[in-house]
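Here is how names work: the chains are called A, B, and so on, in the same order as the sequence lines, proteins then strands, and each is numbered from 1.
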Amino acid sequence: MNDNRLHVLQMLAAGQVSPEEADRLIAALDKQPAAPAARAVEVTTGNPRYLRIFVEEHETGGDAPTKVNIRVPFQLLRAGVKLASLIPNGAKDQINEALRKNGVPIDVTQLKPEDLDELVVHLADLTIDVEEKDTKVRIFAE
Amino acid sequence: MIPCLATVRVGGRRRRGIRLWLPLFLLWPLILPLAVVLVVAGLVLGPTSGVAGAPRTAWQLASGLRGMHIEVDSPEVAFQVRFI
């Protein structure tokens, strides 16, 4: 027996609610278990497997547009990050320095597969849409 | 599971292209000796060396390729690679 049902019965015993009201409350509580099940399905289906990148560029000449369609498995991204752990420390410092020079202050020594896993989970709801006059870019996870 | 097959298509909108089916599973026996060497090197050099994790990472990288799809379609050239 869950806490809510027990609480309704205690209210009934204390005379705070009538038997009819208690019956209605319990019936309402019985309908609740459907919600967590639906949520579980959402979580399962929300786990993305691929990163999709679509680019469409319209040219002024009237030709059909240039299209780029890329699907990258997240497993590949995770493995790529693990591959970074094989890079010698001296090389990592050089990479960090090069990234900093180009305005990307990312420390590759701090990049861990767990972080990417967390990122992947949060990517499920992410959609990037960039639409300019002649270019359209869409990035999302599926 | 690492990809068994790759398809490559190169062509253009105005010309007939080529389509290749590459049976990657035929490469597995060629990669096997390299994997054995890496595993042995990992065992000899110890778990702290970077070589120890190399075979596993390489396997994960190869497995990650499955499902990869790159397609570029422009007026000049059309190019498509798929790992199945």
Single-linkage hydrophobic cluster, 4.5 Å side-chain cutoff, A/L51 and A/V130 together: yes

Taking every non-hydrogen atom, the tightest pair across A/P73 and B/G64: CG-O, 3.0 Å

Among A/I53, A/V68, A/N69, A/I70, side chain to side chain contact (heavy atoms under 4.5 Å, CB included) partner for B/I70: A/I70

Heavy-atom pair with the smallest gap, counting every atom of A/L76 and B/M68: CD2-SD, 3.6 Å

CD/A/E132: more than 12 non-hydrogen atoms of other groups inside 6.0 Å: no

Check against side-chain contact (heavy atoms from CB on, under 4.5 Å), A/T66 and B/D73: CA-CA 6 Å; A/T66 298; B/D73 187 23; over 6 Å; no

A/R71 side, atom CZ; B/R82 side, atom CZ - distance, nearest 0.5 Å: 6.5 Å

Hydrophobic cluster membership, B/V10 vs B/V72, 4.5 Å side-chain cutoff: yes

Rounded distance (nearest 0.5 Å) linking atom NE2 of B/H69 with atom CZ of A/R52: 7.0 Å

Transitive ILVMFWY side-chain link B/V8 to B/I18, under 4.5 Å: yes

Rounded distance (nearest 0.5 Å) linking atom CD of B/Q60 with atom CD of A/Q75: 7.5 Å

Linked, directly or transitively: B/L30 and B/W28 (ILVMFWY side chains, under 4.5 Å): no

Linked, directly or transitively: A/V137 and A/F54 (ILVMFWY side chains, under 4.5 Å): no

